[in-house]
Amino acid sequence: MRFGHLVTLLIVVALVGFGLTFLQSRPLKPVDPPRRQSFDDAQVRRGATLAAIGDCASCHTAPNGPAYAGGVALETPFGVIHGTNITPDPDTGIGRWSFAAFERAMREGTDQAGNRLYPAFPYNHFAKLTDDDLKALYAFVMTRQPVRAQTPENRLRFPYSIRGLVTFWNWLYLDDKPFKPDPRQSDEWSRGAYLVEALAHCGACHTPRTKWGGENSKARFDGGDAEGWWAPPLNGSTPALEPWDAERLTAYLRSWDDRHGGAVGPMAAVTANLAKAPDADVKAIAVYIASHFGQPDVGKKVRLEVLLSRPEPDLGDDAGLARGRDVFKGVCAQCHETGAQVPFTVQNLAQHTSLFAPTPDNVLRVALHGIRTPAGGFGPIMPGFAGSLTPQQLGDLARYLRARFTDLPPWPDPTAAARRLMNQPEGPAPAPAVAPKAWATAQ
Amino acid sequence: MVELKVNGAVRQVDAAPETPLLYVLREDLQLNGAKFGCGLGQCGACTVAIDGAPAFSCLLPVGLLAGREITTVEGLGSPDKPGPLQQAFIDEQAAQCGYCIAGMVMRAHTLLARNPSPTDDEILEHMSPNLCRCGAHMRIVAAIRRASSRKEASRSQRGAL
Ligand code: FES
Ligand code: FES
């Protein structure tokens with residue numbers, strides 16, 4: 001008996017000891033915050049471009065908050081998690097992180113103290129960055145204005161609140177093999193692949209996640225979720241009909257494409273950043289993504305032609321659809337039925353991906369809160385109707401839009417969705433300002 | 001016949017249900033405060049309050065407004081007896097041509113009703129859909145600040161954004 005106790009005790013001690021070594025990593029030595037002069041200007045500038053393509057600010061800069069000082073709350077299926085302060089403040093930011101610590105965080109998702117970071121931080125992508133790009137990113141963040149700002153506590157449900165468990169996630173989902181270009185593809189495609197997979201982490205939203213929150217590698221780019229918005233598929237599985245090619249994607253990613261429209265919701269920040277990124281990089285991203293969409297599908301082409309040329313469908317005696325039509329005619333048609341005469345409207349709403357979405361949420365969010373352009377910027381402005389239309393009217397409108405502009409089955413209960421979304425905060429950022437030049441050339 | 005509740009009174013109007021509220025206000029009810037600027041929801045000159053929320057009356061057919069409480073700038077006071085927010089606009093001389101002002105007052109009214117002491121950032125954020133082509137913005141913001149219950153709201157602070 002006593003011997004049995006001893007064995008149990010030894011096993012427990014061994015497990016705890018083992019646990020501490022593998023659920024955590026060793027802390028790395030703090031350094032004095034590196035001085036501005038220790039970084040090369042060109043490297044800092046390159047880092048700025050990379051940070052824009054990687055969209056670091058969306059999670060690390062709070063709305064109207066100081067740049068990169070963290071505090072953005074992200075809703076995840078496991079609870080609320082906050083973007084951290086990545087300014088070089090020595091106490092609340094990463095001022096005391098050596099390059100080795102930064103690299104370990106980016107490649108392995110482990111902070112300087114040795115704690116696991118949560119994979120809402122997409123280190124599974126950043127693991128594939130080149131050493132040079134990591135150094136440039138380090139130079140960029142370490143030369144930002146240090147801001148003293150304690151990152152708020154995460155509110156994760158048990159057991160997800162135990163950081164060490166991320167170790168198991170890493171076994172499943174962290175692939176830290178360096179990026180390898182595909183020799184059969186063009187240099188431009190490979191550059192795009194690198195930017196998308198290692199830096200821009202498009203899959204983080206556009207690939208569905210498994211139960212454990214990993215990107216489902218069997219369904220790459222099949223569409224996912226971005227802070228409650230539907231992130232549409234980036235491949236042939238998209239339900240939308242208007243085809244994408246590299247040229248249209250480039251226009252969209254930088255500002256606005258006259259066949260598809262522009263980004264809204266969390267994607268707006270992405271395109272606002274890409275608008276400032278080098279042309280060649282944005283084009284490379286577009287070439288790579290376009291290759292996943294593949295050649296335009298003939299069946300879809302025919303369906304789109306039918307939709308674009310068909311007169312208004314017969315609504316039968318469906319009173320809800322008739323009410324929806326009245327809302328559309330009275331509220332929306334002034335801009336949306338002008339054949340793209342009003343700036344930043346498409347020819348026909350059948351060209352918008354969101355009407356083909358599995359739920360009415362994206363469409364309703366735009367109808368509720370509109371589209372804004374930052375003050376002084378040039379870009380789309382659409383008023384929101386949260387205060388002026390009732391959930392019933394919005395639901396009827398969504399039903400009508402779906403029936404009129406798509407050939408897909410109706411959404412289940414748009415009125416309930418409108419009611420639910422109406423009570424939610426407005427959510428992210430205004431749409432990006434469009435460079436007037438880009439707009440002029442797109443016309 | 002459409003029935004509308006405007007500034008607390010029920011009004012019968014002989015208008016087709018698809019008529020924009022703005023037209024009915026101006027042409028049938030002689031409430032000429034709200035202005036037509038763009039007709040596309042882009043300028044805010046036509047702003048009124050619907051159940052306490054700001055709305056572009058140029059884009060709202062009267063047929064959709066059954067049972068809703070509509071407030072226009074005339075509902076806040078009259079030239080002889082201006083309401084506190086209108087008085088603040090007068091005190092700050094917050095207008096040049098005045099075309100945008102009824103819309104500005106109404107949008108500001110919906111903000112102050114829900115948040116009596118907004119910060120400058122909140123004011124700017126809330127007012128951003130409304131345009132003023134004359135550039136009276138600083139005075140407009142000063143007027144809203146004056147009408148708010150913020151302690152430091154005063155004329156001396158005008159423009160100190
Ligand atoms: S007239 Fe209504 S917003 Fe311009
Ligand atoms: S005062 Fe003239 S438009 Fe504002």
Side-chain angles (χ1 to χ4, degrees), chain A residues 62-66 319 322-338 340-345 366-397 400 422-423 425-426 429-431 433, chain B residues 2 15-24 36-71 103 106-107 109-111 113-114 119-122 124-132 137 161:
Chain A
N64 302 320
R323 290 195 305 266
R325 183 194 47 213
D326 290 346
V327 176
F328 182 77
K329 297 276 180 226
V331 180
C332 319
Q334 278 93 321
C335 292
H336 290 291
E337 281 215 301
T338 59
Q341 289 302 299
V342 171
F344 301 109
T345 55
V366 172
L368 280 165
H369 303 302
I371 298 175
R372 287 183 300 147
T373 293
F378 178 82
I381 302 174
M382 174 178 147
F385 295 91
S388 33
L389 296 178
T390 62
Q392 177 76 59
Q393 288 164 344
L394 285 158
D396 289 339
L397 171 65
Y400 172 76
M422 204 172 249
N423 298 323
E426 178 163 346
Chain B
V2 181
E18 62 270 20
T19 319
L21 171 63
L22 177 64
Y23 298 6
V24 168
F36 181 96
C38 63
L40 297 169
Q42 307 273 306
C43 75
C46 64
T47 305
V48 300
I50 310 273
D51 292 337
F56 299 117
S57 62
C58 68
L59 284 185
L60 271 186
V62 283
L64 298 182
L65 294 170
R68 313 285 305 265
E69 193 92 45
I70 301 159
T71 311
M106 288 316 295
R107 184 168 291 275
H109 168 73
T110 61
L111 171 67
R114 143 174 90 65
T119 63
D120 282 344
D121 279 348
E122 285 167 336
L124 292 185
E125 166 81 20
H126 178 86
M127 297 303 291
S128 69
N130 283 36
L131 306 182
C132 170
H137 304 80
L161 278 177

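All figures in this text were calculated on a predicted structure; none of them were measured in a lab. Chain identifiers are assigned alphabetically (A, B, ...) following the order of the sequence lines, protein sequences preceding nucleic acid strands; residue numbering begins at 1 within each chain.
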Quiz item: If only atom types and distance count, is the side chain of A/Q393 paired as donor or acceptor with the main-chain N or O of B/L64 below 3.5 Å?
Solution: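 Pair found, side chain donor or acceptor close to backbone of B/L64.
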Quiz item: Got a donor-acceptor contact below 3.5 angstrom from the B/Q42 side chain to the A/I381 backbone?
Solution: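 Judged by distance alone, yes, a pair lies under 3.5 Å.
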Quiz item: Can you tell if the side chain of A/D326 reaches within under 4.5 Å of the side chain of B/P61, non-hydrogen atoms only?
Solution: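 No; the side chains remain at least 4.5 Å from each other.
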Quiz item: Within a radius of less than 6.0 Å around CG of A/N64, do more than 12 heavy atoms belonging to other residues, nucleotides or ligands occur?
Solution: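 For A/N64, atom CG is not crowded (no more than 12 foreign heavy atoms under 6.0 Å).
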Quiz item: More than 12 heavy atoms of other residues, nucleotides or ligands under 6.0 Å from CZ of B/F36: is that the case?
Solution: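 Count over threshold, so yes.
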Practice problem: Could you tell me which non-hydrogen atom of B/L59 sits nearest to which non-hydrogen atom of A/P383, and how far apart they are? | Solution: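 Looks like CD1-CG, 3.8 Å.
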Self-check item: Interatomic spacing from OG1 in A/T390 to CD1 in B/I50 - rounded to 0.5 Å
Solution: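 Between atom OG1 of A/T390 and atom CD1 of B/I50 there are 11.5 Å.
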